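Start at 1 and go down the list; that is how both ligands and their atoms are numbered. These numbers were taken from a predicted model, which means no experiment stands behind them.
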Amino acid sequence: MNDTRKTFCLFLLAALTAASVVPARSQRRTGPPREPKLEELPRRPVDTIATSDPETRVIIYSNNTWEYYRPTLERQWGELPVYRNNWDTASVFSYRSIELGDLPAVIELKLIDSLDQFCCPVQGKVLSKYGPRRRRSHNGVDIPLKTGEPVRTAFDGKVRYARYNTGGFGYLVIVRHANGLETWHAHLSKLNVEVGDYVKTGQVIGYIGSTGRAYGPHLHFEVRYCDQAFDPEFLFDFEKGMLRYQIFALEHSYFNIQSRASELLEEDDPEQDIANMLLAGADDSTAIRAAQPKSAAASGGPVYHIVKKGDILGRIAPRYGTTIARICQLNGIDRNSTLRLGQRLRVK
Ligand SMILES: [Zn+2]
């Protein structure tokens with residue numbers, strides 16, 4: 001093939017290729033327009049709506065999405081009463097004026113939302129559970145890990161205690177969170193925070209060790225409310241590294257050392273369990289508490305609400321950051337339907 005023919009052939013090939021590409025392109029252009037996805041639409045804030053929490057607003061965007069908005073959060077953290085009142089940095093206990101009997105029957109703990117996220121402090125198998133242990137109580141869980149592995153804060157908060165504790169905890173970090181919950185991390189080999197530090201979810205606060213009364217490197221982890229401990233496994237699945245609830249109803253009875261999550265969360269059919277417990281003479285709140293869904297919040301799976309006395313859709317919907325219309329749609333009911341006590345409503 002001489003050079004002229006070669007050039008001609010290449011030209012022909014190029015022309016044919018171009019010809020075959022152009023119609024396809026123009027065809028694509030004239031075809032039906034693809035429906036844009038919600039998240040691809042331009043997003044600008046169009047409105048904010050007040051919520052029951054004066055610090056929090058819901059911000060509505062032009063593409064029909066929304067999220068929580070706390071304009072003053074960062075600025076006012078230091079001024080939140082929870083980070084000022086009953087604030088003792090020298091002792092592990094700091095609510096001396098509040099007795100167990102002073103606490104309400106149910107404390108509603110908001111754990112996460114679109115602004116406040118969760119990170120499991122460590123991930124691993126619980127070797128020693130919360131509960132009675134010989135003559136004393138084991139007020140937390142023990143998770144064996146290697147010395148030097150990082151320990152993270154589960155939620156945003158402020159460090160209330162960070163020092164060596166001679167009572168057996170060894171190096172101990174206590175973080176207080178905005179909802180009043182405190183998380184205790186004991187036997188650390190090294191601290192990574194100081195008293196008064198504000199910490200963000202997932203921040204490393206210290207490292208695994210075996211300081212204090214410890215039989216080997218492990219994390220002794222406690223959750224406390226007003227100094228009172230309850231089983232951390234109510235809130236966290238340490239093995240999966242997951243949070244069990246977005247909002248947790250902390251019952252007064254959970255502060256009993258015999259109230260172990262592993263025994264109270266073992267059920268698969270919440271409705272049947274409520275029925276059984278009511279038949280067995282348990283009061284409503286005990287039955288409802290036991291029927292809280294497992295792992296729903298963190299897994300993104302369906303979330304259920306068990307109807308309590310006085311519940312109306314208008315109050316349930318904002319609590320879960322959803323709408324009456326959406327709850328009606330999920331449950332095939334209309335907004336005027338009468339809610340039954342103990343009825344399980346899907347809210348997400
Ligand atoms: Zn322990």
For ring pair (Phe, Tyr, Trp, His ring centres under 6.0 Å), just list the numbers for Trp184 and Tyr161, CA-CA rounded to whole Å, side-chain angles, deciding distance to a tenth of an Å, and then say yes or no.
-> CA-CA 9 Å; Trp184 294 32; Tyr161 185 103; 7.7 Å; no

Looking only at N, O or S atoms, which one in [X] sits nearest to the Zn ion (ligand 1)?
X	answer
His220	ND1
Asp142	OD1
His138	NE2

Is there a donor-acceptor contact under 3.5 Å linking the side chains of His220 and His138?
->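 Yes - a donor-acceptor pair under 3.5 Å links their side chains.
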
Using 4.0 Å as the upper bound for N to carboxylate O, is an ion pair formed by Glu182 and Arg176?
->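 Here Arg176 pairs with Glu182 in a salt bridge, since their nearest N and O are under 4.0 Å apart.
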
Kindly indicate, with the supporting measurements, whether the criterion salt bridge (charged side-chain N to carboxylate O under 4.0 Å, His left out) is fulfilled by Asp156 and Lys200.
-> CA-CA 4 Å; Asp156 290 355; Lys200 300 291 281 178; 3.5 Å; yes

